[in-house]
Amino acid sequence: GAVVSQHPSWVICKSGTSVKIECRSLDFQATTMFWYRQFPKQSLMLMATSNEGSKATHEQGVEKDKFLINHASLTLSTLTVTSAHPEDSSFYICSARGPGRVRETQYFGPGTRLLVL
Amino acid sequence: AQSVSQHNHHVILSEAASLELGCNYSYGGTVNLFWYVQYPGQHLQLLLKYFSGDPLVKGIKGFEAEFIKSKFSFNLRKPSVQWSDTAEYFCAVNAGSYNTDKLIFGTGTRLQVFP
């Protein structure tokens, strides 16, 4: 149980284009999803917290208009990197947390590797 | 602001050696503590977690961690490592408040185990 998937697993795009990444909880309802970014040989940095049916909360320094998040259903959150540039190349990971206690464990997706040329 | 530090960036061990990975956090209030593992090419998996109660927590695959509040530490241990334990290990903390459940990750420790 508690499986989270991401699609696509990798994407290469031209500078200036927008890229959408999907995060799905396959066997549970995720009231909250999180989006992280991981640079090579570095830790995961939280970008934003996404709650179903409400606006996402972006971390300080993360542009909300650049990294658009939509959590339209209890099993799907999307991250759209708008007008992507080479510096946006990174590994993007989502996690999902089920309903109930706030301290419920986060389950992580396999990540999406983005390369912007 | 909360922060998590993992002192060992890269650890190399032979099979059957004992392992201890350090994790310290900076936050004075109630904390929830986690260790995650990322095997090569795979996603993050939860090894163990501490919310309250017995400060010695046992996780999967023979791992355990001890929460020492006075030292703000949550070190990960395994008495005898295996080649299959080769992976990246991340310590993570959240503030434990009902208003937030954001995880703050350490920089990770890369463990290589040689047969």
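Below, each value reflects all heavy atoms present in this structure, side chains not excepted, and no hydrogens, waters or symmetry copies. A note on names: the letters A, B, ... follow the listed sequences, proteins ahead of strands, and every chain is numbered from 1.
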Chemist: How close do A:Val3 and A:Asp27 get, heavy atom to heavy atom, and via which atoms?
Modeler: N-OD1, 2.9 Å

Chemist: How far apart are the closest heavy atoms of A:Thr80 and A:Ser18, and which atoms are they?
Modeler: CG2-CB, 4.4 Å

Chemist: Ring-plane angle category for B:Phe105 and B:Phe90, please: parallel below 30°, perpendicular beyond 60°, tilted otherwise.
Modeler: perpendicular

Chemist: If we check side chain to side chain contact (heavy atoms under 4.5 Å, CB included) with B:Phe63, which of these qualifies: B:Val37, B:Val81, B:Leu76?
Modeler: B:Leu76

Chemist: Is it the backbone or the side chain of B:Leu44 that comes under 4.5 Å from a heavy atom of chain A, or both, or neither?
Modeler: both

Chemist: Side chain, backbone, both or neither: which part of A:Leu46 has a non-hydrogen atom closer than 4.5 Å to chain B?
Modeler: side chain

Chemist: Counting only heavy atoms closer than 4.5 Å, note whether B:Glu88 contacts chain A via side chain, backbone, both or neither.
Modeler: neither

Chemist: Does any backbone or side-chain atom of A:Gln38 lie under 4.5 Å from a heavy atom of chain B? Answer side chain, backbone, both or neither.
Modeler: side chain

